[in-house]
Amino acid sequence: MSSDEKPDGRPAAPRSLAEALRARDDASLAALLRARPDLITPVPTDLTQLATRAGTRASVVRALERLDRFALQTAEALAVAGDPASYDELLGLMAGDDGDATVAAALPRAVATLREQALVWGGDDRLRLVRTARELLSPSPQHPSPTGLGPTVQEATAGMSPGRIQELVAAAGLPSTHDAVSAAAALTALFTDRERMAKLLGQAPAEAREVLSRLVWGPPYGQVTADPAAHLRWLLDRGLLLPTAPGTVVLPREVALHLRGGRAHRETEPVPPPVEPAGPTGPTGTQQGSPQVVDATAAGQAYTALATVEELLKDWDEGGPAVLRAGGLSVRDLKRTAVALDVSEPVAAFWVELAYAAGLIASDGEADERYAATPAHDEWRERPAADRWADLAGAWLTATRTAGLVGGRDAKDRTLAALGPGLDRSVAPEVRRRVLALLAALPAGTSPDPESVLARLRWERPLRGPQQEDDLRSRLARWTLQEAELLGVTGRGALSSHGRALLGAPEPHAAHDAARIQSPPDVPDTPGDKLPVHHRAAPAGAPAAGTVPPGPADPQARTAARAAAARLLAPLLPEPLDHVLLQADLTAVAPGPLQRPLADVLDVLADVESKGGATVYRFTPASVRRALDAGRSASDLHAFLAAHSRTPVPQPLAYLIDDVARRHGHLRVGAASAYVRCDDDAVLNEILADKRSTALRLRRLAPTVLAAQADPAALLEGLRALGYAPAAESAEGDVVITRADARRTPPRTPPEPVPEGPPVPDATLLAAAVRAIRAGDLASTAPRKTPGTPPAPGELPRTSPAETLATVQAAVLTGEALWIGYVNAEGAASQRVIAPVRVEGGFVTAYDHTADEVRTYPLHRITGVAELADD
């Protein structure tokens with residue numbers, strides 16, 4: 001009979017978490033490493049090290065924080081149960097004495113989740129919560145349990161005198177015992193016996209029962225005076241309240257459970273709350289529409305989002321606001337940007353952060369550091385509108401920078417600025433994707449009730465400690481709903497078809513129950529795993545209840561999702577137009593989006609007067625001069641307007657262009673400090689006579705040349721303020737052509753998202769890690785025939801060089817496997833199981849069972865060798 005079998009042939013119960021992990025199959029180990037990726041960084045050498053790492057405080061805290069509410073309640077119940085506890089005892093704590101069919105149906109899944117994540121181990125007859133989790137979840141005066149339970153009778157009476165304990169036993173009507181331990185056990189047996197406990201409480205005064213009712217659901221601690229009232233004395237005398245400190249009493253856990261009907265929690269939540277539709281109207285009060293209406297609304301908002309980002313980039317095209325010394329935008333610059341975009345400051349912060357996340361704007365890195373468009377912006381503008389939107393939406397979905405935090409305070413009470421540090425929240429992409437996944441689970445065209453979305457997220461990731469309505473995940477969820485609407489991912493609060501494609505979600509079914517919890521599929525028995533099917537860990541790859549469905553992690557998959565979203569959005573966006581409507585009041589009306597060349601020229605030639613479904617441009621002397629400064633001639637402008645206007649060019653507009661062109665460049669400004677030259681000396685006389693030119697400090701050098709002490713740029717602006725149309729010239733006397741899009745930063749990469757802990761390993765890494773852990777475990781646990789005193793667990797074997805060489809040479813002849821200790825060139829020590837093939841030149845060539853390949857080892861790096869036992 002093997003040492004790991006019972007007399008009846010069944011597998012023996014594991015004695016540690018390492019033994020429980022050793023009994024798992026490879027798929028179950030891979031599921032553990034996938035659920036807790038911190039355990040694989042770096043890859044453990046064997047299963048003992050994996051179990052040790054899985055029990056560390058940091059790893060257990062991370063695992064507990066990723067449990068759903070019911071799984072966490074199950075762990076909390078195990079923390080107040082016996083150690084070990086049976087499955088029936090756990091079910092009683094969760095469902096109570098009266099039972100609960102819903103809890104009974106959901107509990108196997110919760111236990112399977114805890115088992116899969118190595119927070120619970122052992123069979124159904126001996127469930128054990130890992131020690132660190134029990135310490136974190138068990139009740140204590142410093143850290144009350146979420147269950148509201150207090151210490152057990154055994155714990156509460158640990159410091160009590162034996163005489164006092166005997167008095168409690170006698171007052172409760174129990175026979176006296178020989179010692180304090182048996183006395184505490186007698187009280188525990190009384191308090192856990194429902195019939196005897198009911199009889200005892202039936203004798204209690206009404207005021208005493210009222211005191212118990214106030215403590216039963218927690219907190220279990222209360223204050224008493226030095227001379228308590230009669231009803232309190234009655235409780236104290238019978239151990240129903242036990243003193244923990246002077247003036248402080250506690251309700252023992254066994255008494256509270258009796259009063260609760262055996263329940264560990266007041267409200268057990270085995271089923272996630274469903275995401276409810278918003279009703280006949282959406283969250284903004286608008287009527288919910290069909291999927292077609294939702295898609296059309298979202299497409300309109302997507303077009304507005306593109307126009308807003310382009311307007312922002314145009315505003316910053318020639319150099320944006322300065323970068324604060326601490327990084328980011330100043331409050332004044334954010335306000336100015338909000339005014340330019342005609343939006344509120346929080347919305348302006350969202351657009352600024354979105355353009356930054358997409359790599360369209362960045363700081364230029366100059367001494368006078370400013371924000372400006374990046375070279376990637378020029379490439380982005382040339383792409384189709386649907387592809388540009390997909391880039392923005394994809395950047396938003398994966399960004400960890402959170403625009404909603406702008407204007408708030410950091411841990412050091414400093415204001416958080418847009419584009420500044422401190423805005424990264426690693427959980428943001430997960431929350432965004434999960435919110436959109438919940439929307440995708442609703443019927444197409446249906447918007448959710450925002451409060452039901454928040455309730456679902458709180459169930460999937462409950463807060464540790466006191467509940468806070470304004471926790472980070474709830475705020476991120478609210479911001480996600482708002483930002484998705486601004487960006488056009490949703491329309492009227494419902495997820496659009498292109499938003500669904502961006503998420504990688506399947507098409508919705510007509511009847512879909514988002515709140516349904518299915519029991520785990522049946523899994524065939526595997527060697528070493530003899531638990532009941534409905535209590536076994538979920539199969540590898542099956543998401544635990546409440547987990548967030550992973551998005552496309554592979555860059556190629558994300559690219560494919562963006563391409564699919566762009567394909568669905570493209571037919572819904574308006575086609576760019578190649579014409580405008582010129583009007584006699586020096587305006588032009590663009591009845592829709594314009595093609596890129598036309599829009600670029602018109603942005604220089606005219607000023608935008610109003611936006612909306614149709615954009616109104618106004619021609620002014622300054623805007624025409626701007627086009628002439630950019631290198632256009634009057635004939636070019638006349639030909640351009642005639643070619644792109646569906647109406648004849650109005651005479652006032654033609655006169656305006658000719659008049660500005662006639663005066664444009666008549667004056668020339670160059671660098672002396674600065675000078676003005678003009679072939680018509682009468683114009684220069686007029687400038688000198690104008691009192692407004694005094695600030696320019698002009699003096700005549702020649703009949704056609706004036707010198708100024710101002711720099712050329714200031715001289716240009718000053719003369720234009722006087723109503724002239726001067727042009728700058730180069731040192732060779734040529735007119736300097738200035739273009740509006742000349743300001744660009746050096747090549748910049750978008751900000752990298754800040755990951756939340758180690759990344760989830762892919763299938764290849766998981767398979768390699770499981771194989772390495774198995775091989776290392778074989779090397780550390782294989783039975784060995786070691787001469788002399790065997791090494792302690794974890795230590796390398798020690799043999800002399802002569803013994804090592806002789807043993808290896810013998811193994812080559814016999815074909816036996818050996819256990820060796822090896823130190824590599826970096827000084828890292830490891831244990832290996834090898835089958836030597838050849839020994840020569842100070843090296844041994846062998847098949848390494850640990851690495852699953854043939855390797856060559858220097859003999860001087862082998863610390864020792866031992867033969868494996870026959871079994």
Side-chain angles (χ1 to χ4, degrees), residues 304-366 368-374 376-377 380 391-429 431-432 470 472 475-487 489 743-745 748-754:
T304 302
L306 290 175
T308 304
V309 173
E310 290 179 359
E311 184 69 21
L312 169 67
L313 295 170
K314 186 195 306 178
D315 188 44
W316 291 10
D317 215 14
E318 298 181 36
V323 180
L324 292 175
R325 182 177 302 176
L329 282 180
S330 66
V331 175
R332 179 179 59 187
D333 287 329
L334 182 61
K335 289 181 178 179
R336 190 191 66 80
T337 302
V339 171
L341 299 180
D342 194 22
V343 296
S344 64
E345 291 176 34
V347 175
F350 167 69
W351 294 122
V352 169
E353 285 289 343
L354 178 62
Y356 178 58
L360 304 180
I361 59 174
S363 61
D364 57 14
E366 301 293 337
D368 180 21
E369 196 172 15
R370 291 183 171 273
Y371 289 106
T374 64
H377 163 232
W380 179 77
D391 288 344
L392 293 179
W396 168 75
L397 195 59
T398 58
T400 56
R401 293 185 62 84
T402 307
L405 296 172
V406 172
R409 296 279 180 174
D410 63 7
K412 298 183 179 179
D413 200 35
R414 296 174 299 193
T415 302
L416 295 171
L419 300 181
L423 295 183
D424 282 291
R425 296 295 182 270
S426 55
V427 74
V431 174
R432 291 193 193 106
D470 198 29
L472 177 61
R475 286 187 293 158
L476 286 171
R478 292 190 182 95
W479 293 334
T480 297
L481 293 173
Q482 298 166 3
E483 294 166 0
E485 194 73 16
L486 284 173
L487 195 52
V489 176
R743 181 79 173 198
R744 287 293 181 270
T745 70
R748 293 284 191 264
T749 56
E752 288 291 334
V754 177

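FYI, the numbering just counts along the sequence from 1. From a predicted model like this one, the values you see are computed outputs, not experimental measurements. Scope of the values below: all heavy atoms of this structure, side chains included, with no hydrogens, waters or symmetry mates.
- Shortest non-hydrogen contact noted between Ala428 and Ala399 is CB-O, 4.1 Å.
- The side-chain hydrogen bond (donor to acceptor under 3.5 Å, both in side chains) search around Ser426 returns none, not counting sequence neighbours.
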Could you tabulate the donor-acceptor pairs under 3.5 Å formed by side-chain atoms of residues 339-346, not counting sequence neighbours?
none

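- Between Ile361 and Val352, the closest side-chain pair of non-hydrogen atoms falls below 4.5 Å.
- Identified under the side-chain hydrogen bond (donor to acceptor under 3.5 Å, both in side chains) test for residues 391-401, with sequence neighbours left out: Glu353-Arg401, Arg383-Asp391, Trp396-Glu483, Thr400-Asp424.
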Identify every side-chain donor-acceptor pair in residues 403-416 under 3.5 Å, counting partners at least two apart or on other chains, and give the distances.
from	atom 1	to	atom 2	distance (Å)
Arg409	NH1	Asp413	O	2.8
Arg409	NH1	Thr415	OG1	3.2
Asp410	OD1	Lys412	N	3.0
Asp410	OD1	Asp413	N	3.0
Asp410	OD1	Arg414	N	2.6
Asp410	OD2	Arg414	NE	3.0
Asp410	OD2	Arg414	NH2	3.3

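- In this structure, the side chain of Thr374 does not engage the main chain of Ala362 through any donor-acceptor pair within 3.5 Å.
- In plain terms, the two heavy atoms of Gly327 and Pro421 that are nearest each other are O-CD, 4.1 Å.
- Two residues are said to be in side-chain contact when any heavy atoms from C-beta on lie closer than 4.5 Å; Leu306 and Leu392 meet this criterion.
- When side chains are defined from C-beta on, Trp351 counts as touching Leu487, because their heavy atoms get closer than 4.5 Å.
- Partners of Lys314 under the side-chain hydrogen bond (donor to acceptor under 3.5 Å, both in side chains) rule, at least two apart in sequence or in another chain, are Asp603.
- Residues satisfying the salt bridge (charged side-chain N to carboxylate O under 4.0 Å, His left out) test with Asp315, not counting sequence neighbours, are Arg336.
- Residues satisfying the side chain to side chain contact (heavy atoms under 4.5 Å, CB included) test with Leu481, not counting sequence neighbours, are Val435, Leu439, Pro450.
- Contact between Leu329 and Pro321 at its shortest, heavy atoms only, is CD2-CG, 3.2 Å.
- Residue pairs meeting the side-chain hydrogen bond (donor to acceptor under 3.5 Å, both in side chains) criterion with at least one partner in residues 323-332, sequence neighbours excluded, are Ser330-Asp333.
- Residues Phe350 and Thr308 are not in side-chain contact: their nearest non-hydrogen atoms beyond the backbone lie 4.5 Å or more apart.
- Side-chain atoms of Trp316 and His377, non-hydrogen and from C-beta on, never get closer than 4.5 Å to each other.
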Can you list the steps and then say if Glu369 with Asp364 is a side-chain contact (heavy atoms from CB on, under 4.5 Å)?
CA-CA 6 Å; Glu369 196 172 15; Asp364 57 14; 3.7 Å; yes

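- Using a 4.5 Å heavy-atom cutoff, the side chains of Leu476 and Arg432 are not in contact.
- Shortest non-hydrogen contact noted between Gly359 and Ala376 is O-CB, 3.8 Å.
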